[in-house]
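Accompanying notes for the structure given below.
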Amino acid sequence: MSVVPNEVAGQRFLALGVFVALAWGAGAIGGQFTPDDWYARLHKPLITPPNEVFGMVWPLLYTLTGLSAWLAWDARRRLSAAHGLWLLHLGLTALWPYLFFGLHQI
């Protein structure tokens, strides 16, 4: 009986944790900037969801973002150009709330 499959499974699980943690880290940085009175006064479309929905949806989106990067890694067990774009996406994900909610830049 070989220990290699368990070792590989451990590496895969660790990689999944790293990708999800990176995605949640971007969310935590962006989460420092939340809607305030300025946002409440904005004229928004009727289809804008209530603020409570965002608190439920964003954690799921960050988890799925990390999972998608892991799936791309797991297919070949190496990082690719897609992961560079993924990291750029995470950076923009962290920056956007600062620009929008922090600096009020529409």
Side-chain angles (χ1 to χ4, degrees):
M1 183 177 240
S2 174
V3 295
V4 174
N6 287 337
E7 196 173 292
V8 170
Q11 290 173 351
R12 291 178 71 213
F13 184 72
L14 177 62
L16 174 61
V18 168
F19 284 116
V20 171
L22 286 171
W24 275 70
I29 292 169
Q32 301 298 309
F33 305 95
T34 57
D36 55 13
D37 291 337
W38 168 82
Y39 179 75
R41 291 189 308 268
L42 286 178
H43 179 70
K44 295 179 277 302
L46 293 175
I47 61 171
T48 301
N51 290 342
E52 296 80 25
V53 172
F54 293 101
M56 294 181 283
V57 171
W58 280 107
L60 176 62
L61 290 177
Y62 289 124
T63 301
L64 292 174
T65 298
L67 178 62
S68 68
W70 176 78
L71 287 170
W73 172 85
D74 194 47
R76 296 187 183 179
R77 301 283 162 79
R78 63 183 174 86
L79 298 177
S80 66
H83 289 97
L85 292 174
W86 181 75
L87 287 171
L88 176 64
H89 159 77
L90 287 185
L92 294 173
T93 297
L95 181 63
W96 182 84
Y98 168 69
L99 294 174
F100 189 76
F101 295 118
L103 298 180
H104 301 160
Q105 294 296 312
I106 300 176

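Predicted model only: the values in this text are computed from it and were never measured. Positions are given from 1, in the same order as the sequence printed here.
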Hey, quick one: are Phe100 and Phe54 part of the same hydrophobic cluster, counting side-chain heavy atoms closer than 4.5 Å, chains of contacts allowed? no
Minimal heavy-atom distance between Thr34 and Phe101, with the atoms involved, is O-CB, 3.7 Å
So if you build clusters from Ile, Leu, Val, Met, Phe, Trp, Tyr with side-chain heavy-atom gaps below 4.5 Å, do Phe33 and Val53 land together? no
Next item on the list: Kindly check if the number of other-residue, nucleotide or ligand heavy atoms within 6.0 Å of CZ (Arg77) is above 12?
Entry: yes
(message) Please tell me whether Ile106 and Tyr98 are part of a single hydrophobic cluster in this structure, the criterion being side-chain heavy atoms less than 4.5 Å apart.
(response) yes
Indicate if Phe19 and Leu88 have the same hydrophobic cluster label, given that clusters are the connected sets of ILVMFWY residues with side-chain heavy-atom separations under 4.5 angstrom. no
**Request:** Please check if Leu71 and Leu16 belong to a single hydrophobic cluster, counting links between Ile, Leu, Val, Met, Phe, Trp and Tyr side chain heavy atoms closer than 4.5 Å.
**Result:** yes
Check: Val18 main-chain N/O paired with Trp70 side-chain donor or acceptor under 3.5 Å: no
Heavy atoms of Thr48 and Pro45 approach each other most closely as OG1-O, 2.9 Å
Shortest non-hydrogen pair, His83 vs Ala69, comes out as NE2-O, 2.9 Å
Exactly one candidate in Leu85, Leu95, Thr65 meets side chain to side chain contact (heavy atoms under 4.5 Å, CB included) with Leu90; the answer is Thr65
Smallest heavy-atom separation, Arg12 atom then Trp73 atom, equals CA-CZ3, 4.2 Å
| query | Counting only N and O atoms by type, is there a donor-acceptor contact under 3.5 Å from the side chain of Lys44 to the main-chain atoms of Tyr39? | reply | yes
Are the side chain of Trp96 and the backbone N or O of Gly30 linked by a donor-acceptor pair below 3.5 Å? no
